[in-house]
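Here the structure is laid out as structure tokens; the discussion comes afterwards.
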Amino acid sequence: MDPMNLFSQIRAQVIAALDALVAEGALPAGLDTANVTVEPPRDPAHGDMATNAAMVLAKPAGMKPRDIAEALAVRLTADPRIASAEVAGPGFLNMRVAPEIWHDLLRSVLTQGTDYGRSVLGDGIKVNVEFVSANPTGPMHVGHTRGAVFGDALAALLDFAGYDVTREYYINDGGAQVDVLARSAFERYREACGLSPEIREGLYPGDYLIPVGAALKEKYGESLLDQPESAWLEEVREFSTEAMMAMIREDLALLGVKMDVYFSEKSLYGTGRIEEALKSLEDRGLIYTGVLEPPKGKTPEDWEPREQTLFRSTDFGDDVDRPVKKSDGSWTYFAPDIAYHYDKVTRGYDQLIDIFGADHGGYVKRMKAVVAALGGNSVSLDIKLIQLVKLFKNGEPFKMSKRAGTFVTLRDVVEQAGADVTRFVMLTRKNDAPLDFDFDKVLEQTKDNPVFYVQYAHARVCSVLRRAEELGLDTSDAALSGAALERLDHPAELDLARKVAEWPRLVEIAARGHEPHRIAFYLYDLASDLHGHWAKGNDEMGLRFIQEDDLGATQAKIALARSVAVVISAGLAILGVTPVEEMR
RNA sequence: GCACCCAUAGCUCAGCUGGAUAGAGCGCUGCCCUCCGAAGGCAGAGGCCUCAGGUUCGAAUCCUGAUGGGUGCGCCA
């Protein structure tokens, strides 16, 4: 556990005290302390931290919780850093630490800067986060945007928590939809050559292919015009897919998302890689030929029994076995998916994370089955489903329609709201909860808008630091970490420090659960505490950060303020948002 | 029909992998600027955590079932 995490430090101390009690015979040996926690209590009046040790151990030890708790309290308070330990409620042990603990903590924050809160939780474990993976057939829309932000923030969070992270994009350039793209682009090519395009039903009608058509003309002149499809399809497909991917990369760049790996589905075909992956399954006896039952309740009109090559995914918790080959012998879409995950497994990742749209929930079980079959117990796969984004304008639902031209792209969103705002707002909801995105509200400068609220807190601290500099103080972190922090003795000031102390713990909780939204909520809380503390200065002069007649106290107080700003910066960095120094 | 996700204040949502008296914003009511940024703060009202069982020291949280909503369901990716 991380040495910077105050709660894990104290937990280690609790465990040590328990061991000591065992050694002196006050507790039986061989107790399992895995469930012993040290957490901030819900009600701050209960103290700085609480442990459930006595309640967890009462039963296995065959003792009353109170007796254990009291013995533990005596042990713990022998350390001068633990000011008090009191038994409460059903057997909680509420602890209060000495003020120096908080002063040391703040010093540590200022010394480490935005590295404060980095964790060794990940222990260098190799994680692959696959996200976006939008089909290269057009621009990215709002749904992709949320997935992109979520994946990028999750990757940053895991990196911060000590994992070795790869951001990866799977390009679906091997299926029938890129043929459709090629045909659509070809019509735009014909248009560029002065002919009228025939955008038939089923082709992509979007304007974004017009420049692709023009580029095709520039490259090939009119030489493709009288050729049969078989002559130009492959080249046009290649050309268009690359154009689409260039556009997608640009969109991602607008959002501030940078992938480490772009993996091409097409590279799996004709290279033996699909065959190799399937052989790996076959060697385990997981491939067979058979006939599937028709789905109950909703039998397709044209359903008829067919013999197919199937993957025995039911062995790994899936509902039915899944076909990997069509009846004509060609691969189903599932086959390259298997090969792709096989590739990820063989690249040596310990953990895989796939981020899908919620409408792909039906694929979760089969993908988990694949990874379980290929990687055994050594590789885990977590799949995060991203719920819909509901757009609003002036509080009114904003209907999207490709045909009506009110299709909202990633670019539209970023151009209107800005990347920082877009990213933060997209992370203010759990991934599996629908998200309302109101174009007007996200730009409001009120506390109704969480982005503003957090930014404002950061800007206020910067403002105070500027004031302090005018008074001749050195506001560098190096100088502030040397401040006389013992002058921070007001309960309200220590409360703020307590919140700062929760940061490393929160990072670990968020990383463990693959839940970057927790960062956003924590930052909102922290900002709220800062604003609240600021306002206390209205009534109580002594709580203002700037004390014009006492520069020593001022330096200590702005060190506290700066610590809050440091954590806000670190948190925003994980979310991919730039902290602002003043509001405009 | 089956599977997965969801259900918490009037509305939109948190709730730290089982902890103490369930929280925040919006909306409503009432307060706080001779003062570091009031773009903020404080207080009040508002709850059968959808329902019924179960697990245990202890459940909004875990299990089972029900109800309501969303998504998906063999040669489309």
Side-chain angles (χ1 to χ4, degrees), chain A residues 35 37 39-43 46 50 52 55-56 58-59 65 88-92 94 135 137 172 174-178 265 291-300 303-306 308 310 318-323 325-330 332-334 336-337 357-365 385 387-388 428-430 432-434 436 441 444-450 452-453 455-457 459-460 463-464 466-468 502 505-506 508-510 512-513 515 517-518 521-522 524-525 528 531-539 541 543-548 554 557-558 561 582-583:
Chain A
N35 291 326
T37 60
E39 303 178 349
R42 189 170 301 203
D43 185 346
H46 291 138
N52 63 355
M55 289 180 291
V56 171
K59 199 172 192 181
F92 283 104
N94 291 330
N135 286 343
T137 55
N172 288 103
Q177 80 281 6
V178 284
E265 174 193 355
V291 180
L292 288 176
E293 294 291 309
K296 296 252 160 64
K298 191 193 154 194
T299 308
W303 199 92
E304 49 183 88
R306 288 201 172 93
Q308 295 167 311
L310 300 164
D318 202 358
D319 307 309
V320 292
D321 291 338
R322 305 290 173 178
K325 257 188 195 176
K326 301 177 190 174
S327 52
D328 67 1
S330 64
T332 63
Y333 61 87
F334 188 42
D337 279 345
D359 55 342
H360 286 61
Y363 306 118
V364 170
K365 282 189 178 180
L385 298 178
Q387 265 294 349
L388 295 177
T428 53
R429 216 96 298 177
K430 281 184 299 205
D432 55 4
D436 291 349
K441 201 176 261 182
E444 265 177 26
Q445 305 227 328
T446 67
K447 70 174 175 181
D448 190 15
N449 178 0
F452 163 77
Y453 191 74
Q455 291 281 30
Y456 183 33
R460 272 184 149 174
S463 170
V464 161
R466 286 191 295 267
R467 283 287 315 259
E502 283 181 35
R505 183 171 174 275
L506 188 102
E508 295 188 347
I509 290 167
R512 239 192 290 271
E515 294 169 328
H517 74 277
R518 288 187 190 274
F521 281 94
Y522 169 82
Y524 187 89
D525 269 357
S528 175
H531 289 311
H533 187 262
W534 184 289
K536 283 200 185 86
N538 290 341
D539 299 326
M541 291 290 285
L543 284 182
R544 294 189 192 168
F545 293 114
I546 305 284
Q547 304 284 323
E548 304 213 0
T554 300
K557 287 170 193 296
I558 62 174
E582 54 188 320
M583 309 305 295

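A, B, ... follow the sequence lines: proteins, then strands. Residue 1 opens every chain. When reading the values below, keep in mind they use all heavy atoms of this one structure, side chains included, and skip hydrogens, waters and symmetry mates. Model, not experiment: these values are computed from the prediction.
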Counting heavy atoms from C-beta on, name the nucleotide in [options] closest to the side chain of [X].
| X | options | answer |
| --- | --- | --- |
| Phe452(A) | C4(B), G40(B), G41(B) | G40(B) |
| Tyr456(A) | A20(B), A38(B), G19(B) | A38(B) |
| Lys430(A) | A14(B), G19(B), A77(B) | A14(B) |
| Arg42(A) | C36(B), G25(B), A60(B) | A60(B) |
| Asp359(A) | G40(B), A77(B), G72(B) | G72(B) |
| Phe92(A) | A38(B), C26(B), A20(B) | A20(B) |

Taking the side chain from [X] and the backbone from [Y], do they hold a donor-acceptor pair closer than 3.5 Å?
| X | Y | answer |
| --- | --- | --- |
| Asn52(A) | Thr37(A) | yes |
| Ser327(A) | Arg306(A) | no |
| Glu265(A) | Gly174(A) | yes |

Take atom [atom1] of [X] and atom [atom2] of [N], then tell me their distance rounded to the nearest Å.
| X | N | atom1 | atom2 | answer |
| --- | --- | --- | --- | --- |
| Asn52(A) | G19(B) | CG | C1' | 8 Å |
| Tyr453(A) | G25(B) | OH | C1' | 10 Å |
| Glu39(A) | U61(B) | CD | C1' | 13 Å |
| Lys557(A) | C36(B) | NZ | C1' | 12 Å |
| Lys536(A) | C31(B) | NZ | P | 22 Å |
| Tyr333(A) | G72(B) | OH | P | 13 Å |
| His46(A) | U21(B) | NE2 | C1' | 8 Å |
| Lys59(A) | G18(B) | NZ | P | 17 Å |

Is there a Watson-Crick or G-U wobble partner for [N] with both distances under 3.5 Å, and if so, which one is it?
| N | answer |
| --- | --- |
| C76(B) | none |
| U12(B) | A24(B) |
| G19(B) | C57(B) |
| C4(B) | G70(B) |
| C42(B) | G30(B) |
| G65(B) | C51(B) |

In whole angstrom, give me the gap between the [atom1] atoms of [N] and [M].
| N | M | atom1 | answer |
| --- | --- | --- | --- |
| C16(B) | C32(B) | C1' | 33 Å |
| G58(B) | G19(B) | C1' | 7 Å |
| A24(B) | U8(B) | C1' | 13 Å |
| C51(B) | U56(B) | C1' | 22 Å |
| C11(B) | C5(B) | P | 25 Å |
| G70(B) | U17(B) | P | 32 Å |
| G10(B) | C73(B) | P | 37 Å |
| C62(B) | C49(B) | P | 16 Å |

G72(B) base stacked by His360(A) (centroids within less than 5.5 Å, tilt under 30°): no

Centroid distance under 5.5 Å and plane angle under 30°, Trp534(A) vs G40(B): no

Minimum side-chain heavy-atom gap Phe92(A)-Met55(A) below 4.5 Å: yes

Side-chain heavy atoms of Trp534(A) within contact of Phe545(A), under 4.5 Å: yes

Report yes or no: is there a donor-acceptor pair, N or O only, under 3.5 Å between the side chain of [X] and the base of [N]?
| X | N | answer |
| --- | --- | --- |
| Arg518(A) | C16(B) | no |
| Asp525(A) | A14(B) | no |
| Arg505(A) | C16(B) | yes |

Position toward the 5' end of RNA chain B (nearest nucleotide), Ala50(A) or Lys326(A): Ala50(A)

Pairwise 5' ranking along RNA chain B for Pro323(A) and Asp432(A), keeping only the more 5' one: Asp432(A)

Flag for Thr446(A)-Asp448(A): side-chain donor and acceptor within less than 3.5 Å: no

Nearest atoms (heavy-atom pairs only) where Tyr524(A) meets Pro450(A): CD1-CB, 3.9 Å

Touch class at under 4.0 angstrom, heavy-atom based, for Pro305(A) against every strand present: base

Trace of the side-chain contact (heavy atoms from CB on, under 4.5 Å) decision for Gln455(A) with Met583(A): CA-CA 8 Å; Gln455(A) 291 281 30; Met583(A) 309 305 295; 4.2 Å; yes

